[in-house]
Amino acid sequence: MSASNKTPLHLAIALDGAGWHPAAWREPAARPTELFTADYWLDLIRTAERGLADFVTLEDSFGLQTATPLQPGGNDERTDQVAGRLDAVLIAARVAPLTSHIGLVPTALATHTEPFHVSKSIATLDHVSTGRAGVRIQVSPDARTAAHFGRRDLPEITLDNLAEPVVQQAVSDLFDEAADYVEVIRRLWDSWEDDAEIRDAATGRFIDRDKLHYIDFEGRYFSVKGPSIVPRSPQGQPIVTALAHQRVPYRFAARSADIVFVTPTDIADAASIVRQVRTERSAVGRDTEELAVYADLVVFLDSAAESGADRKARLDKLSGAAYTSDALIFTGSAGELADLLAAWQDAGITGYRLRPGALPDDLETIVDRLVPELQERGLFRTAYESDSLRGLLGLERPANRYSTLQKV
């Protein structure tokens, strides 16, 4: 196919367990006995890096996976689906020195963690990866998860009561808290100026104390003095991402994120979502700042042995129910998926986060078939052009908000 005049798109891979289908762990190529090993995740991330993906995201949670996350009564009793996971930030830190270019974006649960801890962890990840770190900020409205910590009470949220005012207010509060959380993180990332470390053995001065700054954040949810204990990292500000499905999380992403993952169902829906995100960005005064909109897709791609639709149907039968998702489920060939990705660019989508239905099969097909198809159309890179995640995304390294040079 001839080269396209479109702007090359961005491509991320969302990794979770044995794949996004709950029965994927039963596939012949799956490695269920290795899900809790470092080598399993290293192999997947190296495969994504071979495909020149911008970054991978790593799922995380404080509750066991469940087929009915918004149903009351505790975790479901199913024993035929993967349960349990490793800590996403620690996985990223483990594989960082063993990869070279791909960005590493673990999930952090803002609802039950402290921003000081997460800022330190992600800044450390940026140091050990030499500039390839990001974070996906997630809220947790689940009352069952809150019971693990005993520090707050959340209303029981189900599919039947989502529209109730008390539930809507609770969800809005969680996203407002997350926005403050990110603001604290970002200030802490700037609390060391770039040249705060002197490291002069002759004079005995390791740091310039005037270039470490209190952030003095006082808000409804947090009171944080600062500074961080981690020097400013290679990117200055690691990439912040968020998944959003409606206005309240769109508003959060507009306030706080560099990338928002959205879940359109078709090109018209994609265009509508992009408009909503841009409206929220304008409302918070970020018109001059970049906020990239990535569409999430669950993918079951055709292989030489089996169509993607047949594989999904076979897995559905093993699972006992048709797999559904918040994101569009795509089944078909790499060429057909490339057509969809190219078309949705016209709606304002600048990148895609693909969720492989089964690992490693769908990830390998993305790398070996989809990526070459996109490259042939001029829609995707043929080599990494930067050693930092910001560089891959075309983002400048931001100035430090506390820099004494800016105040002269």
Side-chain angles (χ1 to χ4, degrees), residues 60 89 105-126 133-141 151-152 169-194 196 211-233 235-244 247-261 277-292 389-390 393 395-403 406-407:
D60 209 344
V89 174
V105 183
T107 296
L109 277 294
T111 307
H112 302 298
T113 61
E114 293 296 328
F116 191 94
H117 295 154
V118 169
S119 74
K120 178 169 65 75
S121 296
I122 301 303
T124 299
L125 178 61
D126 206 41
V135 63
R136 183 171 83 90
I137 297 296
Q138 182 174 322
V139 304
S140 177
R151 296 189 302 186
R152 68 170 81 199
Q169 185 61 55
V171 171
S172 181
D173 287 347
L174 288 174
F175 280 103
D176 285 343
E177 177 185 45
D180 278 3
Y181 189 101
V182 174
E183 179 62 21
V184 171
I185 285 175
R186 289 193 180 279
R187 292 190 191 189
L188 288 167
W189 286 339
D190 276 349
S191 63
W192 289 55
E193 294 186 38
D194 289 316
K211 294 187 177 182
L212 270 63
H213 299 277
Y214 297 118
I215 70 168
D216 290 325
F217 183 91
E218 293 285 346
R220 176 182 172 189
Y221 303 98
F222 304 105
S223 174
V224 180
K225 185 71 173 176
S228 176
I229 67 165
V230 180
R232 197 168 195 238
S233 69
Q235 293 185 106
Q237 290 279 320
I239 299 298
V240 176
T241 72
L243 173 65
R247 187 185 66 82
V248 170
Y250 292 156
R251 181 182 63 201
F252 161 67
R255 292 170 62 184
S256 303
D258 302 296
I259 298 172
V260 56
F261 306 123
V277 170
R278 288 174 176 169
T279 296
E280 295 298 332
R281 186 183 63 179
S282 296
V284 298
R286 286 189 64 189
D287 281 324
T288 61
E289 297 181 44
E290 185 65 29
L291 175 59
L389 180 53
R390 280 189 164 271
L393 300 177
L395 300 175
E396 298 292 330
R397 186 177 190 274
N400 188 313
R401 74 189 70 196
Y402 300 115
S403 174
Q406 294 188 69
K407 300 173 183 177

- In chain order, what residues pass the side chain to side chain contact (heavy atoms under 4.5 Å, CB included) check against Glu177, with sequence neighbours excluded? Thr111, Arg152, Leu174, Tyr221, Phe222
- Task: Write out all pairs satisfying salt bridge (charged side-chain N to carboxylate O under 4.0 Å, His left out) with one or both partners inside residues 277-287, taking only residues at least two apart or from two chains.
- Result: Arg286-Glu289
- Note on the structure: Residues Gly226 and Leu188: closest non-hydrogen pair is CA-CD2, 4.0 Å
- On a heavy-atom basis, the closest approach of Ser256 and Ala179 is OG-CA, 3.5 Å
- Message: Using side-chain heavy atoms (C-beta onward) and a distance below 4.5 Å, is Lys225 in contact with Asp216?
- Response: yes
- Note on the structure: Nearest heavy-atom contact between Ile185 and Pro115 is CG1-O, 3.7 Å
- For Asp176, which residues count as a side chain to side chain donor-acceptor pair (under 3.5 Å) partner, sequence neighbours excluded? Arg255
- Query: Does Phe217 reach the side chain of Ser223, with side-chain heavy atoms less than 4.5 Å apart?
  - Reply: no
- Note on the structure: Thr241 meets the side chain to side chain contact (heavy atoms under 4.5 Å, CB included) criterion, sequence neighbours left out, with Val105, Arg136, Ile239, Ile259, Phe261
- Message: Minimum heavy-atom separation for Ser191 and Ser228, please, with both atom names.
- Response: OG-N, 2.9 Å
- Message: Could you check whether any side-chain heavy atom of Ile122 comes within less than 4.5 Å of a side-chain heavy atom of Pro106, counting everything from C-beta outward?
- Response: yes
- Item | N/O donor-acceptor pair under 3.5 Å between Asp126 side chain and Gln235 backbone | yes
- Can you sort out the partners of Asp258 under salt bridge (charged side-chain N to carboxylate O under 4.0 Å, His left out), two or more places apart, ordered by chain and number? Arg186
- Item | Counterpart residues, ring pair (Phe, Tyr, Trp, His ring centres under 6.0 Å), relative to Tyr250 (two or more places apart) | none
- Going by the side chain to side chain contact (heavy atoms under 4.5 Å, CB included) test, name the single residue among Ile137, Val118, Val135 that passes it with Val182. Ile137
- Does any non-hydrogen side-chain atom of Arg187 lie less than 4.5 Å from one of Ser119? no
- For Ala123, the side chain to side chain contact (heavy atoms under 4.5 Å, CB included) test, sequence neighbours excluded, returns Trp189, Val230
- Note on the structure: Applied to residues 107-117, the salt bridge (charged side-chain N to carboxylate O under 4.0 Å, His left out) test, sequence neighbours excluded, yields Glu114-Arg151
- Over all atoms of both residues, closest heavy-atom pair of Phe252 and Ala242: CE2-CB, 3.6 Å
- What residues form a ring pair (Phe, Tyr, Trp, His ring centres under 6.0 Å) with His112, not counting sequence neighbours? Phe149
- Message: I'd like to check the salt bridge (charged side-chain N to carboxylate O under 4.0 Å, His left out) partners of Arg390; sequence neighbours left out, ordered by chain and number.
- Response: none
- Closest heavy-atom contact between Val139 and Ala178? CG1-CB, 3.8 Å
- Just jot down the salt bridge (charged side-chain N to carboxylate O under 4.0 Å, His left out) partners of Asp173, sequence neighbours excluded, or say none. Arg220
- Query: About how many Å separate OG of Ser403 and CH2 of Trp192, when rounded to the nearest 0.5 Å?
  - Reply: 15.5 Å
- Note on the structure: Those residues at least two apart in sequence (or on a different chain) that pass salt bridge (charged side-chain N to carboxylate O under 4.0 Å, His left out) with Asp190 are Arg232, Arg401
- If we only count heavy atoms from C-beta on, is the Asp194 to Arg397 side-chain gap below 4.5 Å? yes
